[in-house]
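Everything on this sheet refers to the single structure shown next.
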Amino acid sequence: MNVGFRSLREQGPGPAWNAVFQAGWPGWRQWFLERGGAQAPSLTDATRAVRRFMPEMEGLWSGLVAAVPSDEDVARFLSFWTPPRYLVNCSQAVLVDAEGPILVRNYDLAPELNEGTLLRSRWRSRDVIGMVDGLSGLADGMNDAGLVVSLTFGGRAVAGRGFGAPMIVRYLLEVCSDTYQAVEALRSVPCHMAYNVTVLDRQGRSETVYLSPDRPAIVSGKAFTTNHQLGVEWPRHGRLSRTVQRAEALERILADPGLDGAGLAAAFLTPPLLATSYAQGFGTVYTACYRPAAGAVTLLWPGQAARHWTFQDYGQIEFQVSYPD
């Protein structure tokens with residue numbers, strides 16, 4: 001199976017944002033309406049939530065809606081306020097080596113469902129590079145202040161009122177400069193499902209925060225996370241995702257005093273961190289390596305060419321990635 005990827009770049013919402021929207025909205029619209037979007041909070045509720053919890057984003061949200069063919073469903077979806085249930089797997093870890101801090105993560109989903117777009121934007125006042133997730137959101141990314149943010153599903157079945165995690169990742173990268181600011185923001189913004197968010201700044205300060213709609217944010221103190229929080233609270237998902245096995249592997253890997261970024265990235269390209277259950281809809285779609293001090297991101301796949309971008313050298317390209325059938 002071959003899946004297309006691309007890197008896009010723009011300042012304010014314009015042609016690149018339109019390309020992301022036009023490619024992704026038909027599928028997302030079907031998902032949104034079939035999974036209960038018609039009964040989701042109203043546009044008035046979404047507006048109030050953005051104003052209360054993410055006031056810095058209201059202007060950007062309005063600009064994104066205005067820049068594409070839109071209606072009330074589009075506006076509600078792009079706020080990502082209390083969307084239908086949405087989960088991915090993923091693993092991620094941070095390390096500081098001789099080259100500085102690095103975050104490495106695997107994004108696990110059905111490859112054909114991934115939006116396949118690395119977007120560099122300056123939609124507000126910061127340059128942001130990240131992998132698009134949920135059109136207006138990001139699964140992982142980095143800003144020009146040297147903050148890196150990445151998400152994984154938290155392995156709990158609970159759902160409630162809050163923002164979808166990709167919008168929270170986007171928010172952190174648009175408004176925060178370092179790990180301290182990001183953690184404080186995570187304490188104040190509600191998340192509609194259980195998600196684990198790892199933040200890393202160019203000084204090498206990192207934190208993983210466990211978010212849930214039914215309890216306060218938990219600052220874990222860990223340098224890695226997979227798909228559980230305080231323990232496995234959804235046994236079936238825990239078994240299928242092998243979250244404990246992956247966490248134990250990361251703990252062993254990070255305990256090696258000689259480990260560097262290249263070794264950590266190599267570990268993510270092999271089982272058990274590399275997920276290969278593509279037929280079940282959860283294979284590793286890409287491995288991302290973020291170097292915030294260098295402003296660099298590299299995307300990796302086993303046995304295929306690595307792709308590299310920086311804030312100074314950001315090429316707009318299209319390419320294909322092959323996955324096992």
Original post:
Is it true that D144 and R202 have a side-chain N and a carboxylate O under 4.0 angstrom from each other?
Top reply: no
Original post:
Is there a side-chain contact between V104 and F224, using heavy atoms and a 4.5 Å cut-off?
Top reply: no
**OP:** Could you pull out the closest heavy-atom pair between W234 and G155, with the gap in Å?
**Re:** CB-O, 3.3 Å
Original post:
Do the side chains of M57 and E174 get nearer than 4.5 Å, heavy atoms only?
Top reply: yes
Original post:
Can you find a pair of side-chain heavy atoms, one from R29 and one from F77, that are under 4.5 Å apart?
Top reply: no
Subject >> Within 6.0 angstrom of E318 CD, more than 12 heavy atoms from elsewhere >> reply: no
**OP:** Flag yes if L43 and L60 sit in one hydrophobic cluster, no otherwise; membership is Ile, Leu, Val, Met, Phe, Trp, Tyr, and two members link when side-chain heavy atoms are under 4.5 Å apart.
**Re:** yes
Original post:
Salt-bridged, R170 to D133, with N to O below 4.0 Å?
Top reply: no
Subject >> Taking every non-hydrogen atom, the tightest pair across N18 and A67 >> reply: ND2-O, 2.9 Å
Original post:
Linking I/L/V/M/F/W/Y whenever their side-chain heavy atoms sit closer than 4.5 Å, directly or via other members, would L151 and L273 fall into one cluster?
Top reply: no
Original post:
With no hydrogens and no angle check, do the side chains of S220 and T208 hold a donor and an acceptor under 3.5 Å apart?
Top reply: no
Original post:
Quick one: does W61's side chain have a donor or acceptor within less than 3.5 Å of a partner on A75's backbone?
Top reply: yes
Original post:
Would you say the side-chain atoms of T310 pair up with the backbone N or O of Q312, donor to acceptor, closer than 3.5 Å?
Top reply: yes
**OP:** Please tell me if the side chains of T298 and L300 come closer than 4.5 Å, counting only heavy atoms from C-beta onward.
**Re:** yes
Original post:
Shortest non-hydrogen contact from S150 to D140?
Top reply: OG-CB, 3.7 Å
Subject >> Pair H192 + F80: ring centers closer than 6.0 Å >> reply: no
Original post:
Distance from L95 atom CG to L250 atom CG, nearest 0.5 Å?
Top reply: 11.5 Å
Original post:
Looking only at side chains, do E115 and W28 share a donor and an acceptor under 3.5 Å apart?
Top reply: yes
Subject >> Joint cluster assignment, W31 & V88, ILVMFWY side-chain distance < 4.5 Å >> reply: yes
Original post:
Roughly how far, to the nearest 0.5 Å, is CG of L186 from CD of Q181?
Top reply: 12.0 Å
Subject >> T82 side chain vs P41 backbone, donor-acceptor pair below 3.5 Å >> reply: no
**OP:** Please step through side-chain contact (heavy atoms from CB on, under 4.5 Å) for the pair L135 and W17, ending with a clear verdict.
**Re:** CA-CA 9 Å; L135 300 182; W17 163 237; 4.1 Å; yes
Original post:
Would you call V232 and V244 a side-chain contact if the rule is heavy atoms closer than 4.5 Å?
Top reply: yes
Original post:
Between W309 and S7, is any side-chain donor less than 3.5 angstrom from a side-chain acceptor?
Top reply: yes
Original post:
Got a donor-acceptor contact below 3.5 angstrom from the E207 side chain to the T179 backbone?
Top reply: no
Original post:
Judged by atom type as modelled, is there a donor-acceptor pair below 3.5 Å linking the side chain of S70 to the main-chain atoms of A66?
Top reply: no
Subject >> Distance-minimising heavy-atom pair for E56 and Y171 >> reply: OE1-OH, 3.0 Å
Original post:
Is it true that atom CD of E112 has more than 12 heavy atoms of other residues, nucleotides or ligands lying nearer than 6.0 Å?
Top reply: yes
Original post:
Going by atom types alone, do R246 and S91 pair a side-chain donor with an acceptor below 3.5 Å?
Top reply: yes
**OP:** Please report the shortest heavy-atom distance between A217 and V209, naming the atom on each side.
**Re:** CB-CG1, 3.8 Å
Original post:
Under 4.5 Å between any side-chain heavy atoms of P213 and V158, yes or no?
Top reply: yes
**OP:** For S188 and F53, work out which heavy atoms get closest and say how close.
**Re:** O-CD2, 3.6 Å
**OP:** Indicate yes or no for a side-chain donor-acceptor contact from W123 to the backbone of E10 under 3.5 Å, with no hydrogens or angles considered.
**Re:** no
**OP:** Spell out, as yes or no, whether a donor-acceptor pair under 3.5 Å connects the side chain of D108 to the backbone of V285.
**Re:** no
Original post:
Is D73 reaching over with its side chain to a backbone N or O of R76, donor-acceptor style, under 3.5 angstrom?
Top reply: no
Original post:
Does the side-chain contact (heavy atoms from CB on, under 4.5 Å) test come out yes or no for D97 and L259, once each step is laid out?
Top reply: CA-CA 8 Å; D97 65 8; L259 182 69; over 6 Å; no
Original post:
How far apart are the C-alpha atoms of R205 and Y180, what are their side-chain angles, what is the distance that settles it, and do they pass the side-chain contact (heavy atoms from CB on, under 4.5 Å) test?
Top reply: CA-CA 8 Å; R205 298 173 299 221; Y180 298 131; 3.4 Å; yes
Original post:
Okay, side chain of T226, backbone of T243: is any donor-acceptor separation there less than 3.5 Å?
Top reply: yes
Original post:
Does CZ belonging to R124 count more than 12 external heavy atoms closer than 6.0 Å?
Top reply: yes
**OP:** With rounding to the nearest 0.5 Å, note down the distance linking CD1 in I218 to CG in L230.
**Re:** 4.0 Å
**OP:** Decide whether F153 and F268 are clustered together by the hydrophobic rule: side chain heavy atoms of Ile, Leu, Val, Met, Phe, Trp, Tyr closer than 4.5 Å, transitively.
**Re:** no
Subject >> Identified side-chain hydrogen bond (donor to acceptor under 3.5 Å, both in side chains) partner of D127 from the options Q11, R9, R120 >> reply: R120
Original post:
Can you find a pair of side-chain heavy atoms, one from P166 and one from Y86, that are under 4.5 Å apart?
Top reply: yes
**OP:** Evaluate the criterion side-chain contact (heavy atoms from CB on, under 4.5 Å) for residue pair L109 and T284; output intermediate values, then yes/no.
**Re:** CA-CA 6 Å; L109 187 67; T284 297; over 6 Å; no
Subject >> Test log, rule side chain to side chain donor-acceptor pair (under 3.5 Å), inputs N2 and S322 >> reply: CA-CA 4 Å; N2 290 332; S322 297; 2.6 Å; yes
Original post:
If you round to the nearest 0.5 Å, how far is SG of C90 from CZ of R105?
Top reply: 4.5 Å
**OP:** Verify whether one side chain among T198 and Q92 offers a donor that lies under 3.5 Å from an acceptor in the other.
**Re:** yes
Original post:
Hey, are the side chains of L147 and D178 touching, using non-hydrogen atoms and a 4.5 Å cut-off?
Top reply: no
Original post:
Between the main-chain N or O of L8 and the side-chain N or O of Y314, is there a donor-acceptor pair closer than 3.5 Å?
Top reply: yes
Original post:
Is it true that atom CZ of R85 has more than 12 heavy atoms of other residues, nucleotides or ligands lying nearer than 6.0 Å?
Top reply: yes
Original post:
Hey, what's the ring geometry for W301 with F5, parallel, tilted or perpendicular (30° and 60° as the breaks)?
Top reply: perpendicular
Original post:
Distance only, no hydrogens: is a donor on one side chain within 3.5 Å (strictly under) of an acceptor on the other, for R215 and Q229?
Top reply: yes
Original post:
Side chains of R126 and S177: donor-acceptor distance under 3.5 Å anywhere?
Top reply: yes
Original post:
Say you draw a straight line from CG of N89 to CG of N106; how long is it, rounded to the nearest 0.5 Å?
Top reply: 11.0 Å
**OP:** Using the rule that two of Ile, Leu, Val, Met, Phe, Trp, Tyr join whenever any of their side-chain heavy atoms come within less than 4.5 Å, decide whether L274 and L240 are in one cluster.
**Re:** no
Original post:
How far does CG of L211 sit from OH of Y195, to the nearest 0.5 angstrom?
Top reply: 11.0 Å
Original post:
Can the positive tip of R307 be found less than 6.0 Å from the middle of the six-membered ring of F319, inside 45° of the ring normal?
Top reply: yes
